Amino acid sequence: MHIKKENVLQNNTAPNKFILLGLSEEYHIQSILFSIFLGIYINALTGNLLIILLTLVDQTLQTPMYFFLRNLSFLEICFTSAIVPKMLHNFCSGNKSISFMGCALQNYFALFLGGTECFLLASMAYDRYVAICKPLHYSVLMGQKVYTNLAVASWLSGFFMSFGHTTMVFTMPFCNSNVINHYFCDIPPLLKLACGNTFRIEITDFVVVVIFATFPFLLILMSYSGIIAAISKISSSEGRKKTFSTCSSHLIVVTLFFGSACIKYMKPNSTYFPNTDKYLSLFHTIISPALNPVIYSLRNKEVKGAFMRFWERTPLD
Ligand SMILES: *[C@@H]1O[C@H](CO)[C@@H](O)[C@H](O)[C@H]1NC(C)=O
């Protein structure tokens with residue numbers, strides 16, 4: 001896009017809007033991308049709503065594991081809805097601006113829900129660990145109070161962390177420009193626009209990554225080490241398969257989530273590929289919310305069974 005003079009800001013002025021460059025500047029590519037992302041978005045909404053519905057109505061899915069799964073699906077709907085509708089709007093309207101407040105809110109929700117997701121995934125791993133390694137104490141260690149508290153703690157910690165962080169980012173002076181080379185108000189492209197001292201934010205980012213990504217990741221690693229150790233002690237291969245099947249979908253989702261986050265946030269800052277960040281972000285903002293319900297329904301016999309029962313019960317005519 002051709003950058004007008006007015007988008008280069010005067011010293012220390014807070015812009016009243018930002019420009020999101022998006023994925024492409026070509027009109028015909030934008031219309032193709034619009035259809036693709038609209039399709040994926042609709043899939044994400046339907047799949048996650050279906051999971052929420054099934055885990056609410058089906059009697060066999062009334063366990064802590066499906067409580068967490070329902071919560072995860074709800075989170076994915078919010079996450080993808082904070083980003084994709086605005087992106088689709090920019091594709092088709094040709095208007096790439098977003099208000100200062102809109103940008104702050106989008107940044108807030110992305111960080112809030114991303115942080116919450118890390119802790120929810122860790123809670124789900126802990127649930128599988130208790131179920132497989134301490135089956136006799138499962139109902140005590142994973143009682144209703146425990147799992148609701150774990151979920152509430154995940155949501156609250158994401159909420160407050162993001163509140164602090166977003167306030168910090170958006171009270172900085174933006175004096176370089178207001179053009180964001182991204183399709184949503186993510187932190188790294190925003191920090192590139194800030195001019196003042198970003199040292200405090202970089203330190204805060206480091207602490208946030210340790211608490212919200214490294215720590216849950218280690219918990220997940222520990223849970224799965226315990227699970228694998230327990231499974232390797234089972235003598236029959238049939239029994240091993242059956243025990244592992246309850247956590248394989250979660251393991252795939254976790255690997256995809258942390259794998260893409262690692263590549264995105266831990267890659268060295270490259271000036272040669274300024275757009276890699278945008279393409280990698282597509283994974284956790286758009287593709288993964290649509291993929292998770294598919295992984296859970298294809299790999300999980302209980303969800304599949306619930307879906308068949310639900311289908312048979314619903315009159316089609
Ligand atoms: C997710 O968990 C929170 C905290 O327990 C709860 O308030 C919320 O209703 C849950 N959402 C769904 C869809 O289960």
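Every value quoted in this text rests on a predicted model; they were computed, and no experiment measured them. Remember, it's 1-based here, ligands and their atoms both numbered in the order they're listed.
In this structure, F215 and F119 have perpendicular ring planes: the angle between them is above 60°, well past the 30° mark.
There is a side-chain donor-acceptor pair under 3.5 Å between N181 and K278.
A single hydrophobic cluster is seen to contain both M308 and I51, as judged by linkage of ILVMFWY side chains at heavy-atom distances under 4.5 Å, directly or through other members.
Screening residues 230-245 for side-chain hydrogen bond (donor to acceptor under 3.5 Å, both in side chains), with sequence neighbours left out, gives no hits. Pairs passing the salt bridge (charged side-chain N to carboxylate O under 4.0 Å, His left out) check and including a residue from residues 45-68, sequence neighbours excluded, read D58-R309.
Applying the side-chain contact (heavy atoms from CB on, under 4.5 Å) criterion to S288, with sequence neighbours excluded, gives E76, F283, N292.
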Check ligand 1 for close polar pairs with the protein: N or O on both sides, less than 3.5 Å.
unit_1: ligand 1; atom_1: 2 (O); unit_2: N71; atom_2: OD1; d: 3.1
unit_1: ligand 1; atom_1: 2 (O); unit_2: N71; atom_2: ND2; d: 2.2
unit_1: ligand 1; atom_1: 11 (N); unit_2: N71; atom_2: ND2; d: 3.4

